Number of protein chains: 2
Amino acid sequence: MGRTRNTAQRQAIAKRLEELSSFVSAQQLHDDLAKSGSKIGLATVYRTLQVLLDEGEVDVLRTDSELLYRSCDSTEHHHHLVCRICGRTVEVAGPQIEAWARQVAAEADFIDVEHTLELMGTCSTCAGGRKGV
Amino acid sequence: MGRTRNTAQRQAIAKRLEELSSFVSAQQLHDDLAKSGSKIGLATVYRTLQVLLDEGEVDVLRTDSELLYRSCDSTEHHHHLVCRICGRTVEVAGPQIEAWARQVAAEADFIDVEHTLELMGTCSTCAGGRKGV
DNA sequence: TTGGGTGCAAATGATTTGCAACATC
DNA sequence: GATGTTGCAAATCATTTGCACCCAA
């Protein structure tokens, strides 16, 4: 059936994504690559991100208008705490959440329950001296 | 400044949304209304849903490609367990989740943390006799 | 050689918006 | 009568796709 090929474009995209280490949109990544002299097309960026996603190499995050991608640290199930200002991201595991989800599903008599959970906040650096609530 | 007006369209949209009591897209709602002989325009449906959302009258849910709206039962903070087949929805409160989120935020030194959480599964009716995992 | 990849431009599809005609307060 | 509303069509915008050419295996 054919496997995925190791092209220069794919390498460049994966590499840049790791360097950035924060969530970026396909368009941002494309612009960023273009600034470095890359001639990779926008469609290729979209297609490659989709492939990397399928392979579990990246995480996705959905904002109001677009999808953001980030090179994935852990391949295990996890969630994100993202700074709404600088994009700094902390990966968080939530065993309690998984347990809670299972319990809720059982009580409501639902099966095959999946969940999506994202945390959005302001990191200490971006918050300056302000203290939390 | 001006307040929102109580037009026939708005009433029809809010009414139908309550009757449906499950998550529907703006387009589905528009089609549904059209089948009942309504001549309400699609743009009006979109605009009205946005208004209802601002007023806290409806909840939104984001799927891969579109936004789904549902008339809101409780005005308090809550999450949803939605059947991926029939759309039946159970509102669930998650005090444990809120506590967990606060703790995670504190540990990572983030402030003003918000979260989004949705549960998606198959309800007993749609699952037929199949038993869960 | 051979099918996956790529670039480009055109196509999608959900949502938004400009504008003139309306309707509510 | 003033101003929020509506309908329609045109405009957005992120993302997808058709296609001919290219290249890794």
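Model, not experiment: these values are computed from the prediction. Numbers restart at 1 for each chain; the letters A, B, ... are given by sequence-line order, proteins then strands.
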Nearest whole angstrom, please: distance from the [atom2] of [N] to the [atom1] of [X].
X	N	atom1	atom2	result
B/Asp54	D/dG4	CG	P	15 Å
A/Asp64	C/dA14	CG	P	18 Å
A/Gln50	C/dG5	CD	P	13 Å
A/Arg62	C/dA14	CZ	C1'	13 Å
A/Arg3	C/dG5	CZ	P	10 Å
A/Leu42	C/dT6	CG	P	13 Å
B/Leu53	C/dT15	CG	P	12 Å
B/Arg10	D/dT5	CZ	C1'	8 Å

A/Leu61 with A/Leu29, same ILVMFWY side-chain cluster at under 4.5 Å: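 No, A/Leu61 does not connect to A/Leu29 through the hydrophobic network.
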Cluster overlap B/Val58 with B/Leu117, hydrophobic side-chain contacts below 4.5 Å: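 No; tracing contacts between hydrophobic side chains, which count when under 4.5 Å, never links both residues.
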Donor/acceptor link under 3.5 angstrom from B/Arg47 side chain onto base of D/dG7: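 Between D/dG7 and B/Arg47, which were checked side chain against base, a qualifying N/O pair under 3.5 Å is present.
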From D/dA9, C/dT6, C/dT15, nucleotide with atom closest to B/Ala43 side chain: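 Nearest nucleotide to the side chain: D/dA9.
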Listed nucleotide nearest any side-chain atom of B/Glu66, set C/dT17, D/dT6, C/dA14: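 The answer is C/dA14, which lies nearest to the side chain.
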Strand contacts (DNA chain C) in residues 11-40 of chain A, 4.0 angstrom heavy-atom criterion: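 Here the set is A/Lys39, A/Ile40.
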5'-most by nearest nucleotide on DNA chain D - B/Val51 or A/Tyr46: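 Result: B/Val51.
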Does any part of the side chain of [Y], heavy atoms only, come nearer than 4.5 Å to the side chain of [X], both counted from C-beta?
X	Y	result
B/Arg84	B/Thr122	yes
A/Ile13	A/Val45	yes
A/Leu17	A/Leu49	yes
B/His79	B/His115	yes

Atom pairs under 3.5 Å, N or O on each side, protein against nucleotides 21-25 of chain D: can you list them with distances?
{"from": "D/dC23", "atom 1": "O2", "to": "A/Arg5", "atom 2": "NH1", "distance (Å)": "3.4"}
{"from": "D/dA24", "atom 1": "N3", "to": "A/Arg5", "atom 2": "NH1", "distance (Å)": "3.4"}

Exercise: identify the closest heavy-atom pair between A/Ser124 and A/Arg88: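 Closest heavy-atom pair between A/Ser124 and A/Arg88: OG-NH2, 4.2 Å.
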Contact under 4.0 Å: A/Gln9 side-chain N or O vs C/dG7 OP1/OP2: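 A/Gln9 to C/dG7 OP1/OP2: side-chain N or O found under 4.0 Å.
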Salt-bridge contact A/Glu19-A/Arg16 (side-chain N to carboxylate O under 4.0 Å):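 A salt bridge is present here (some side-chain N lies under 4.0 Å from a carboxylate O).
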Evaluation steps, side-chain contact (heavy atoms from CB on, under 4.5 Å), between B/Ile97 and A/Ile97: CA-CA 7 Å; B/Ile97 305 303; A/Ile97 305 304; 3.4 Å; yes
